[in-house]
Structure formats: structure tokens, C-alpha cells
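For reference, the structure discussed in these notes is given below.
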Amino acid sequence: MPELPEVETTRRGVAPHIEGQRVVDVVVRNGRLRYPVPDTLPRELIGQRIDCVQRRGKYLLFRTAAGTLIVHLGMSGSLRVVKGGEEAQKHDHVDVVMANGCIVRLRDPRRFGAVLWTVEDPVRHDLIAHLGPEPLDSTFSGDYLFQQSRGKKQAVKLFVMDSQRVVGVGNIYANEALFLAGIRPRIAAGKISQRRYAVLAEAIKSVLAEAITQGGTTLRDFVNGSGQPGYFQQQLKMYGRGGAPCDHCGATIKALRLGQRATYYCPSCQS
DNA sequence: ATGCGGACCTGTTAGC
DNA sequence: TGCTAACAGGTCCGCA
């Protein structure tokens, strides 16, 4: 479900309710997520104050003096703040209860998400240490993509979705960014020019930034920290539109599968 | 080293 | 209407 804009939207929605608050309870209803939720989590987290909520790639980091709660939403996860008394639903697996009565509640039907605890600098955690740059940082550029891609035969769409290259570009926004940049998704990453990578890097930045502004994309069930959907789905030019006419030129949008993921492009606008 | 397919799960939808 | 298969926003692992 969530790509970078959805995770950032979640962070912004949740943070104001809990920053500075102490954790008074942790309820794990089902700890069988992608990795088992550690048994020690309640002992570690209860009593700690949430200093701030940060994001690295698609990971949310709840920082405390004693350590960091790491949350990943996987494919179907959502995190929102509810008031005490709201009954947990079937897939509400983890609650973090704050002193002010707010509950941070993780819902994740497919259980591809993760809830972990680390006492080290989270940036050095195994899952986070090897991530590529943030796409909205100045270190991420066309030149960077160009250098990273030399000699690679991998399709450019899979290349930009590789979190070791750059974080946060999932299936929806990869399709959209390649359309904006006029690049076909199957082209080998190593054969794309520096000039075209400059355009692609800007496309990635602009589509992610705009999606954050719109509160993310809700196709079926994404909700922000307050339970509200996003609106960026109205701006999608390619994703999910196979067989429909391209907004820009009217050509029929092609659909294919790349790396087992749904892929769409305009055969006229993208080359 | 690179790149690909499979695996992890459940819910929803498309198709017969 | 009901059953089955395919598909879904992620990403780690193992194998070629």
C-alpha cells in the first residue's frame, strides 16, 4: 500500500498527537508480522517519552531516550491515532497508548508490516543502513542515477524501485515518474543518458512532492494518521489505466508485467 | 555481483 | 449465485 508519500502523510498525521507524550501501554494483539514483534517491546517502550517521529524511506522512527520504535507499513498497513474507547477491529494488531489518551493503532490485514525496537542509532539498523538516498534530498539527482546505473541491464523501472538505489519509489510512483520523464519502463537502466536521468530525477521528486501535498494515494484502503483518505489518485496518469487513452496524447495506454508488478506506459509519450 | 523468481499473508475482484 | 484464480501500494532471501 504505502509508498513514500503515504508514509510521510502518516508521519505528519500522527506526530502532533504523540510527540512529547509518554507511552503508558503497549498492546500486541497479533505479533506475527513480517518479523515477530519482540516480546520485550512493552517493557522497553512503556514509560518512554516520544521525542519525535521521523521517517527514513518507508520506515517510521519513533525516537525515545532509550531507543527507537521502528514501524514499516508493508503492503496493507496503516497507522492512525484513535481516542481511547474505540474498539479494535480484526486487523488492528498493535496499539501504543499515550498518557494523553491517544492510541497509535497499527492495522495491517496482510501482515507484511513490521514493528521493531532498537537501542542503537536506527540509521545503523540492518534494515535501514543499506538504504539509498531520500529522493527529496539534494543528494538524489540525475547524475547520481546515471552513475549508479552504468553497466546495468536491469529495466529502469525496477532500478528506480530498488531501495538500495533510492528509497520510497514504489510501483505507483515509478509508473507515474517514468511517464512524466517520457521513458519506457523496460529500457535497460545502463543505456539511459545523463540528460534523461536528469529529467527522471526531477520527475520522481515532483511526483512524490505533489503526492505528499495531496495526502497520498488511496486506491482501496490507505488512510492518514486521522483515518482520512488521500487525493493523489485523481492525478494518476498511468497507474491502473491500461487500455485507456493517455491524457496527454490520446494513445492507448499499454499494460504489462515487470518484475511481477503491474506496469503501464504510453507508447507515444514514452520512448 | 547481478538479477530474477518465490515467498510471506489476507482481502477483493474478475471470470467462468 | 457461487466457486476459483488472479491480483494488490513491499521487500527479503536464495538461487542461477
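In what follows, chains carry the letters A, B, and so on, assigned in the order in which the sequence lines appear, proteins first and then strands, with residues in each chain numbered from 1. No hydrogens, no waters, no symmetry mates; every other heavy atom, side chains included, goes into these values.
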Round to a whole Å and report the spacing from [atom1] of [X] to [atom2] of [N].
X: Y35(A); N: dG10(C); atom1: OH; atom2: C1'; value: 10 Å
X: D126(A); N: dT11(C); atom1: CG; atom2: C1'; value: 14 Å
X: H93(A); N: dC9(B); atom1: NE2; atom2: P; value: 12 Å
X: L33(A); N: dT11(C); atom1: CG; atom2: P; value: 15 Å
X: R34(A); N: dC9(B); atom1: CZ; atom2: P; value: 10 Å
X: N30(A); N: dC8(B); atom1: CG; atom2: P; value: 16 Å
X: E6(A); N: dG10(C); atom1: CD; atom2: P; value: 8 Å
X: M161(A); N: dT11(C); atom1: CE; atom2: C1'; value: 10 Å

Determine the interatomic distance between [atom1] on [N] and the same-named atom on [M]; round to the nearest Å.
N: dC9(B); M: dG14(C); atom1: P; answer: 16 Å
N: dC7(C); M: dG6(B); atom1: C1'; answer: 16 Å
N: dA7(B); M: dA6(C); atom1: P; answer: 15 Å
N: dC12(C); M: dG11(B); atom1: C1'; answer: 23 Å

Residues forming a ring-ring contact (aromatic ring centres under 6.0 Å, His included) with [X], sequence neighbours excluded:
X: Y197(A); answer: none
X: F112(A); answer: none
X: Y265(A); answer: none
X: Y59(A); answer: H72(A)

Sorted by chain and residue number, the side chain to side chain contact (heavy atoms under 4.5 Å, CB included) partners of Q148(A) (sequence neighbours excluded) come out as Y144(A), F159(A), R165(A)
With sequence neighbours left out, the residues meeting side chain to side chain contact (heavy atoms under 4.5 Å, CB included) with T218(A) are F222(A), P229(A), Q233(A)
Across all chains, not counting sequence neighbours, the salt bridge (charged side-chain N to carboxylate O under 4.0 Å, His left out) partners of R111(A) are none
Task: OP1 or OP2 of dG11(B) under 4.0 Å from side-chain N/O of H91(A) - done: yes
Contact under 4.0 Å: H72(A) side-chain N or O vs dT11(C) OP1/OP2: yes
For this session: Would you check, one step at a time, whether the test salt bridge (charged side-chain N to carboxylate O under 4.0 Å, His left out) holds for K58(A) with E6(A)?
Result: CA-CA 9 Å; K58(A) 297 172 190 169; E6(A) 291 72 40; over 6 Å; no
Heteroatom pairs (N/O) under 3.5 angstrom, protein to nucleotides 1-5 of chain B:
from	atom 1	to	atom 2	distance (Å)
dG3(B)	OP1	K153(A)	N	2.9
dG3(B)	OP1	Q154(A)	N	3.4

I'd like to know if [X] pairs up with [Y] as an ion pair, taking the criterion as any Lys NZ or Arg NE/NH1/NH2 lying under 4.0 Å from an Asp or Glu carboxylate oxygen.
X: K205(A); Y: E202(A); result: no
X: D92(A); Y: R107(A); result: yes
X: R110(A); Y: D108(A); result: no

Paired runs of 3 or more consecutive Watson-Crick or G-U pairs involving DNA chain B, with both pairing distances under 3.5 Å, are B:2-8 with C:10-16, B:10-16 with C:2-8
task: Report yes if some heavy atom in the side chain of I103(A) is under 4.5 Å from a heavy atom in the side chain of V96(A); otherwise report no.
output: no
**Prompt:** Side chains of N171(A) and K157(A): closer than 4.5 Å at any heavy-atom pair?
**Reply:** yes
In short, salt bridge (Lys or Arg N to Asp or Glu O under 4.0 Å) pairs touching residues 19-44 of chain A with sequence neighbours left out are R29(A)-D95(A)
Regarding the side chain of R257(A), the nearest nucleotide among dG11(B), dT11(C), dC7(C) is dC7(C)
So what does [X] touch, heavy atoms closer than 4.0 Å: a base, only the sugar-phosphate, or nothing?
X: F232(A); value: nothing
X: F159(A); value: nothing
X: R261(A); value: base

Pairs under 3.5 Å (N/O, protein and nucleotides 14-16 of chain C):
none

What residues 107-121 of chain A contributes to the DNA chain C interface at heavy-atom separation below 4.0 Å is R110(A), F112(A)
Check your understanding: Under the 3.5 angstrom rule, does the side chain of Q270(A) hit a backbone N or O of I183(A) as a donor-acceptor pair?
Key -> yes
